Amino acid sequence: METAKAFEGFEVVVATHIDRDHWHNHFVVNSVNSETGLKIQINEKGLEELRNRSDQICQQFGLEVLTPYEKPKQRSMNQREYRTAIHCDSKKLRLMNAIDMAVVHSQSKEKFIENMKRLGYGVKWIDRYKYITYTTPDGQRKKENQPNHKNIA
């Protein structure tokens, strides 16, 4: 409840999950301030400050503090890629979906490469390289950061 006070003027519902080994809260915040009628404006720095405030409150009450958040190293789609994906014409999105599907059905690196081949993709995966190179069904080459293959290789 102390953390919810950070949203002064905004209506907040706090839902506490106690059905797991780690109790935790979710905050549902009305994005319109009930006092001013203005919409909430919170950027990445504001989220970081909120996290720090929450950590301080947890420490004050002797509660566990989560490990610091690390920004994912994978880059998200740019606007052009996003617009293309919306129109269902994204080669990158099709490749990502093929990779996801192949990972689920692969228990080894070799099986992953075989499954990708069945889906029409070539795979050049050299362990010491940072990237895996995929050849799309139409012959284009795409380099991607190695996806989460920890469960297959």
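Computed from a predicted structure; not experimentally measured.
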Verdict with reasoning, Leu38 to Val32, per side chain to side chain contact (heavy atoms under 4.5 Å, CB included):
CA-CA 6 Å; Leu38 298 174; Val32 177; over 6 Å; no

Take atom [atom1] of [X] as the centre, draw a 6.0 Å sphere, and report whether it contains more than 12 heavy atoms from other residues, nucleotides or ligands.
X	atom1	answer
Gln79	CD	no
Glu64	CD	no
Asp21	CG	no

From [atom1] ([X]) to [atom2] ([Y]), nearest 0.5 Å:
X	Y	atom1	atom2	value
Asn25	Met1	CG	CE	9.0 Å
Glu11	Asn30	CD	CG	4.5 Å
Arg118	Lys111	CZ	NZ	4.5 Å
Met101	Leu119	CE	CG	6.0 Å
Ile99	Asn115	CD1	CG	12.5 Å
Asp100	His105	CG	NE2	10.5 Å

Under 4.5 Å between side-chain heavy atoms, hopping through other hydrophobics if needed: is there a path connecting Trp23 to Val65?
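Different clusters.
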
Would you kindly confirm whether Ile57 and Leu63 end up in one hydrophobic cluster when ILVMFWY residues are joined by side chain heavy atoms under 4.5 Å apart?
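Linked, Ile57 and Leu63 end up in one cluster.
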
Between [X] (side chain only) and [Y] (backbone N and O only), is there a donor and an acceptor less than 3.5 Å apart?
X	Y	value
Lys109	Trp125	yes
Ser54	Leu50	no
Ser106	Ser108	no
Ser34	Gly9	yes

Just by distance, with hydrogens left out, do Asn97 and Arg94 show a side-chain donor and acceptor under 3.5 Å apart?
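Their side chains do not contain a donor-acceptor pair, so the 3.5 Å distance test is not met.
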
Please name the pair of heavy atoms, one in Tyr121 and one in Pro137, separated by the smallest distance, quoted to 0.1 Å.
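Closest approach of Tyr121 to Pro137: CE2-CD, 3.5 Å.
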
Which heavy-atom pair separates Met116 from Val123 by the least distance, and what is that distance?
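Nearest pair, atom of Met116 first, then Val123: CB-CG2, 3.5 Å.
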
For a 4.5 angstrom cut-off between non-hydrogen side-chain atoms, does [X] reach [Y]?
X	Y	answer
Tyr134	Lys143	no
Val12	Val28	no
Asp55	Arg51	yes
Asn33	Ile40	no
Lys142	Thr136	yes

Classify the angle between the aromatic ring planes of Phe27 and Phe7 as parallel (below 30°), tilted (30 to 60°) or perpendicular (above 60°).
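If you compare the ring of Phe27 with that of Phe7, the planes turn out tilted.
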
Check Lys5 with Glu2, please: is the shortest side-chain N to carboxylate O separation under 4.0 Å?
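So Glu2 pairs with Lys5 through a salt bridge.
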
